[in-house]
Amino acid sequence: MRRFTGPRPPRQERCELCTAPLADGGHRHLVDTANRALACTCTPCALLFDRPGAAGGRFRTVPERYLADPDHGLDDSTWEALGIPVGVAFLFRNSALDRTVALCPSPAGATESEPSPSAWRDVLRATRLAGTMEPDVEALLLRRTDGRTECYLAPVDVCYELVGLMRLHWRGFDGGQQARAGLESVFDRVRARARHVRKERRP
């Protein structure tokens, strides 16, 4: 009877395309552009959709590129024009809707808004990262604290991981210690992996 009444071992996570077991310690993700969803995938399946246009463009592999722009020009006026009410947000190009959307982590999940064309043009002028991110799979990750903005290009699955952490751990008005620790852990990882892209100096 013990095998029926005792705790069951956790089920091994499997690729959502081919059902192959996923290795412990991390795996790749695909973006389902039609349903706006992330799918866990094994490395062979991730490689199948690594090129734009594969499978008619419905599935796209999330890349593993991290960039930082320490010389960006995202100031108070740019932040206010984006209409972001909190200190953390990410923006990406939604190819199905053919527009740029901004999402903010919240206790209820991701709060979505659409920046005005003029606000997005300001962002494009303020940081070169905005013009280089791949639609659907990469995002411009921003964090504003004490009048200073951190600006990164990051895989979109990392941004949604941040949304999940905030939704899971948020407590009270300010989020609580666990939510803040989750936020710091994500940004510490992004900072550690991001390659700095600086302005080219003219002779």
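Note: hydrogens, waters and symmetry copies are ignored here, and every other heavy atom, side chains too, is used. FYI, the numbering just counts along the sequence from 1.
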Is the backbone N or O of [Y] less than 3.5 Å from a side-chain atom of [X], with the two atoms forming a donor-acceptor pair by type?
| X | Y | value |
| --- | --- | --- |
| His72 | Thr149 | yes |
| Thr61 | Phe49 | yes |
| Arg93 | Pro135 | no |

So do the side chains of [X] and [Y] get within less than 4.5 Å of each other, counting heavy atoms only?
| X | Y | value |
| --- | --- | --- |
| Ile84 | Val86 | yes |
| Leu22 | Cys40 | yes |
| Glu64 | Arg28 | yes |
| Phe59 | Leu48 | no |
| Leu91 | Leu82 | yes |
| Val186 | Val158 | yes |
| Val197 | Arg195 | yes |

For this session: Could you please spell out the steps behind the salt bridge (charged side-chain N to carboxylate O under 4.0 Å, His left out) verdict for Glu150 and Arg191?
Result: CA-CA 10 Å; Glu150 292 181 78; Arg191 291 187 200 103; 2.8 Å; yes

Ignoring hydrogens, what is the shortest heavy-atom contact between [X] and [Y]? Give both atom names and the distance.
| X | Y | answer |
| --- | --- | --- |
| Leu183 | Met166 | N-CE, 3.7 Å |
| Ala34 | Arg58 | CB-NE, 4.0 Å |
| Leu38 | His29 | CD2-CB, 4.3 Å |
| Ser106 | Thr111 | OG-OG1, 3.5 Å |
| Leu30 | Ala46 | CD2-CA, 4.3 Å |
| Val62 | Val156 | CG1-N, 4.0 Å |

Please report the interatomic distance [atom1]([X]) to [atom2]([Y]), rounded to the nearest 0.5 Å.
| X | Y | atom1 | atom2 | answer |
| --- | --- | --- | --- | --- |
| Arg180 | Arg171 | CZ | CZ | 12.5 Å |
| Asp122 | Glu80 | CG | CD | 12.0 Å |
| Phe90 | Leu140 | CZ | CG | 11.5 Å |
| Leu74 | Cys151 | CG | SG | 5.0 Å |
| Glu138 | Leu153 | CD | CG | 4.5 Å |
| Leu97 | Arg36 | CG | CZ | 5.5 Å |

Exercise. Without hydrogens or angle criteria, can the side chains of Thr127 and Asp69 be said to hold a donor-acceptor pair below 3.5 Å?
Worked result: yes

Problem set entry | Between Asp75 and Thr78, a side-chain donor and acceptor under 3.5 Å | yes

For this session: Before accepting this row, confirm whether a basic side-chain N of the pair Asp50/Arg60 lies closer than 4.0 Å to the acidic partner's carboxylate O.
Result: no

When hydrophobic residues are tied together by side-chain contacts of less than 4.5 Å, even through go-betweens, does [X] share a cluster with [Y]?
| X | Y | result |
| --- | --- | --- |
| Val137 | Leu47 | no |
| Val190 | Val88 | yes |
| Tyr152 | Leu103 | yes |
| Leu129 | Leu142 | yes |
| Leu141 | Tyr160 | yes |

Problem set entry | Over 12 non-hydrogen atoms of neighbours within 6.0 angstrom of CZ in Arg14 | yes

